[in-house]
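For the numbers below, each heavy atom of this structure counts, side chains included, while hydrogens, waters and symmetry mates do not. Small disclaimer: the values here were computed from a predicted structure and weren't measured.
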Amino acid sequence: MTASKPLKEHNKGISTVLAFALLPLSGFATDIYIPSLPTMATTMKVSSLQVQLTLSLFLISYGISQLFIGSVLDSFGRYKLSLICLLVFAAASIVIANTHNVYLIYLMRIIHGFTVGTIIVGKRAFFVDIFEGDKLKHYLSLFSIIWSTGPIVAPFLGGYLQTVFGWESNFYFLAGLAIILAILEFIYSGESLTRFSKFSLSNIGNIYLKMIKTPSFSLGIVMLGLAYSMVMIYNMTGPFIIEHHLHFSPVVAGYSSLILGFAWMVGGFIGKATINKPFLKKMIVNLGLQILFVLLMFISIQFISSIYTLIFFAFLIHVTAGYIFNNYFTFCLGRFPKNAGIASGLTGGVTYVIVSFLSYSVISFLPAKDEHNLNSSYLLLAVISGIVMFVIFKLTKKEELAAA
């Protein structure tokens with residue numbers, strides 16, 4: 001199979017910039033309307049859990065789409081599918097902005113998840129198609145840093161859009177952004193895949209099986225899911241705590257999410273700076289710090305209930321989560337370069353399926369009530385992360401002994 005519009009050599013630079021510009025789209029699709037969640041629940045006369053489900057449904061469909069779309073992209077190319085999905089994403093955003101029917105919003109959010117999943121997997125694979133060696137490793141380590149611009153900018157912008165124009169304006173913004181990016185993609189981008197894989201379900205199944213059976217790869221994905229669940233649980237509960245329990249405005253909720261998005265980016269930068277340090281040792285030290293910060297937050301909230309202490313400790317915890325995500329994401333995506341689309345899809349897909357089910361389950365058990373519930377959620381995820389890291393440590397020791 002051949003691409004109808006191959007990527008031109010002189011456009012590789014701007015295509016790379018566009019690929020990076022599209023990576024935060026999933027963050028924008030979830031985070032821009034986070035400050036609007038309480039208002040949406042009030043306007044549509046639904047519960048907080050019902051409106052939080054719009055986030056979970058996006059994450060589930062976003063994750064599931066990545067599980068299979070990688071093999072499709074490896075067989076049929078990245079460019080056309082990404083372009084089509086940008087336009088469908090824009091249309092779904094306009095539908096959401098023009099309805100107050102929560103069930104129709106659920107459907108559109110599922111469409112959002114599938115389209116964004118296709119776009120993001122294709123753009124991750126783009127880098128593996130174009131670059132190799134240290135340059136590829138450099139770009140892969142930038143992924144979580146670039147992605148974190150979404151959680152930084154989106155809620156900050158969304159808080160103002162919500163206050164000035166209403167929650168619907170968030171989705172008009174998403175539609176406009178997708179249309180602009182689609183136009184730029186059409187003009188400057190093209191097909192980056194040069195070797196198309198034969199679409200064979202049996203061969204694809206064997207590749208998936210091989211990846212899943214690789215313990216370091218599979219457990220790395222679990223760590224990714226646990227790290228991002230910390231962020232998503234705050235995203236789903238933070239605005240309710242800040243606006244209902246602490247009585248601040250959506251703009252303040254947006255500023256708070258901006259600060260915590262920056263925390264994720266800081267974790268990514270530290271991860272990139274320590275990329276050549278011994279992997280397992282630095283991950284154990286980071287996890288120890290994360291548990292320490294969670295325990296200090298637990299002690300703090302026994303004496304004071306304040307937005308400042310809430311954001312301070314959440315910031316430290318999110319830095320450690322961002323560090324874990326940066327390191328394991330770089331590791332997982334670089335494990336299978338010959339099947340970049342499938343590896344990218346499987347990594348992202350399983351991660352977001354874990355995040356969607358885990359985050360919604362936790363907030364169902366520990367609802368958006370106050371800082372105590374948020375801290376308990378952090379503690380639960382940190383303990384599970386510690387157990388997984390212990391298993392990783394044991395397996396690594398066994399592999400080293402077997403190799404010796």
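In this structure, I241 and Y234 have side chains that are not in contact, with every pair of non-hydrogen atoms separated by 4.5 Å or more. With a 4.5 Å cut-off on side-chain heavy atoms, I110 and I60 do not count as touching. Under the 4.5 Å side-chain criterion, counting only non-hydrogen atoms from C-beta, M223 is in contact with S385. Using a 4.5 Å heavy-atom cutoff, the side chains of I32 and F171 are not in contact. Residues S364 and Y360 are in side-chain contact: their nearest non-hydrogen atoms beyond the backbone lie under 4.5 Å apart. At least one side-chain heavy atom of F186 sits less than 4.5 Å from a side-chain heavy atom of Y79. Side-chain contact check for M389 versus I392: some heavy-atom pair is nearer than 4.5 Å. Contact of the L246 side chain with the V252 side chain is not registered, since no non-hydrogen atoms from C-beta on lie closer than 4.5 Å.
Heavy atoms only, all atoms of each residue included: S61 and G113 are closest at OG-CA, 3.2 Å. In terms of heavy atoms, S229 sits closest to V355 at OG-CA, 3.5 Å. Of all non-hydrogen atoms in N375 and V294, the two that sit nearest each other are ND2-O, 3.1 Å. Minimum heavy-atom separation, G27 to A154: O-CB, 4.4 Å. In terms of heavy atoms, W167 sits closest to T99 at CH2-O, 3.5 Å. Contact detail for A92 and I111: the closest heavy-atom pair is CB-CG2, 4.1 Å.
Judged purely by atom type and a 3.5 angstrom limit, S305 has no side-chain atom pairing as donor or acceptor with the backbone of I301. Side-chain atoms of S36 do not come within 3.5 Å of backbone N or O of T39 as any donor-acceptor pair. Side-chain N or O atoms of D31 include none that pairs as donor or acceptor with a backbone N or O of P155 at under 3.5 Å. At distances below 3.5 Å, at least one donor-acceptor pair connects side-chain atoms of S169 with backbone N or O atoms of L161. When atom types are taken as modelled, the side chain of T43 and the backbone of M40 share no donor-acceptor pair closer than 3.5 angstrom. In this structure, S15 contributes its side chain and Y188 its backbone to a donor-acceptor pair below 3.5 Å.
Every side chain to side chain contact (heavy atoms under 4.5 Å, CB included) that I304 has, sequence neighbours left out, goes to S300, S306, T309. Taking Y323 as the reference, T274 meet the side-chain hydrogen bond (donor to acceptor under 3.5 Å, both in side chains) condition, with sequence neighbours excluded.
Enclosure of atom CZ in F279 by more than 12 non-hydrogen atoms of other residues, nucleotides or ligands within 6.0 angstrom is indicated. Applying the 6.0 Å contact sphere to CZ of F357 captures no more than 12 heavy atoms from other residues, nucleotides or ligands. Shown here is F217, whose CZ atom has more than 12 heavy atoms of other residues, nucleotides or ligands within 6.0 Å.
One distance of note links CE of M230 with CD1 of I324; it measures 7.0 Å at 0.5 Å rounding. To the nearest 0.5 angstrom, T118 atom OG1 is 10.0 Å from I84 atom CD1. Atom-to-atom distance recorded for S377:OG and I317:CD1 is 10.5 Å, nearest 0.5 angstrom. Here M236 contributes atom CE and I34 contributes atom CD1; the two are 9.5 Å apart, rounded to the nearest 0.5 Å. Rounding to the nearest 0.5 angstrom, the gap separating the OG atom in S82 from the CG atom in L87 is 11.0 Å. To the nearest 0.5 Å, atom CG of residue L37 and atom CG of residue N235 are 9.0 Å apart.
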For this session: Kindly indicate, with the supporting measurements, whether the criterion side chain to side chain contact (heavy atoms under 4.5 Å, CB included) is fulfilled by L295 and L379.
Result: CA-CA 8 Å; L295 292 176; L379 181 60; 4.3 Å; yes
For this session: Determine, step by step, whether F20 and F127 satisfy the ring-ring contact (aromatic ring centres under 6.0 Å, His included) criterion, reporting the C-alpha distance in whole Å, the side-chain angles of both residues, the deciding distance to 0.1 Å, and the verdict.
Result: CA-CA 10 Å; F20 273 128; F127 289 92; 4.6 Å; yes
Problem set entry | Working for side chain to side chain contact (heavy atoms under 4.5 Å, CB included), residues V121 and R78 | CA-CA 9 Å; V121 172; R78 333 308 194 177; over 6 Å; no
For this session: Any chance you could lay out the side chain to side chain contact (heavy atoms under 4.5 Å, CB included) test for M108 and I105, step after step, and finish with the verdict?
Result: CA-CA 5 Å; M108 293 301 105; I105 292 175; 5.6 Å; no
Exercise. Between E168 and H100, does a side chain to side chain contact (heavy atoms under 4.5 Å, CB included) hold up when you go through it step by step?
Worked result: CA-CA 9 Å; E168 297 89 348; H100 284 187; 2.9 Å; yes
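One side chain, T54 or Y33, offers a donor N or O that lies under 3.5 Å from an acceptor on the other. A donor atom on one side chain and an acceptor atom on the other are found under 3.5 Å apart for S93 and H112.
Using bins of under 30°, 30° to 60° and over 60° for the plane-to-plane angle, the ring pair Y255/Y160 lands in the perpendicular bin. Ring pair Y106/Y103 is perpendicular by interplanar angle, where above 60° counts as perpendicular and below 30° as parallel.
Of the residues listed (Y228, F325, Y378), the one engaging H318 in a ring pair (Phe, Tyr, Trp, His ring centres under 6.0 Å) is Y378, and it is the only one.
Applying the salt bridge (charged side-chain N to carboxylate O under 4.0 Å, His left out) test to pairs two or more places apart or on separate chains, those with a residue in residues 106-123 are K123-E185.
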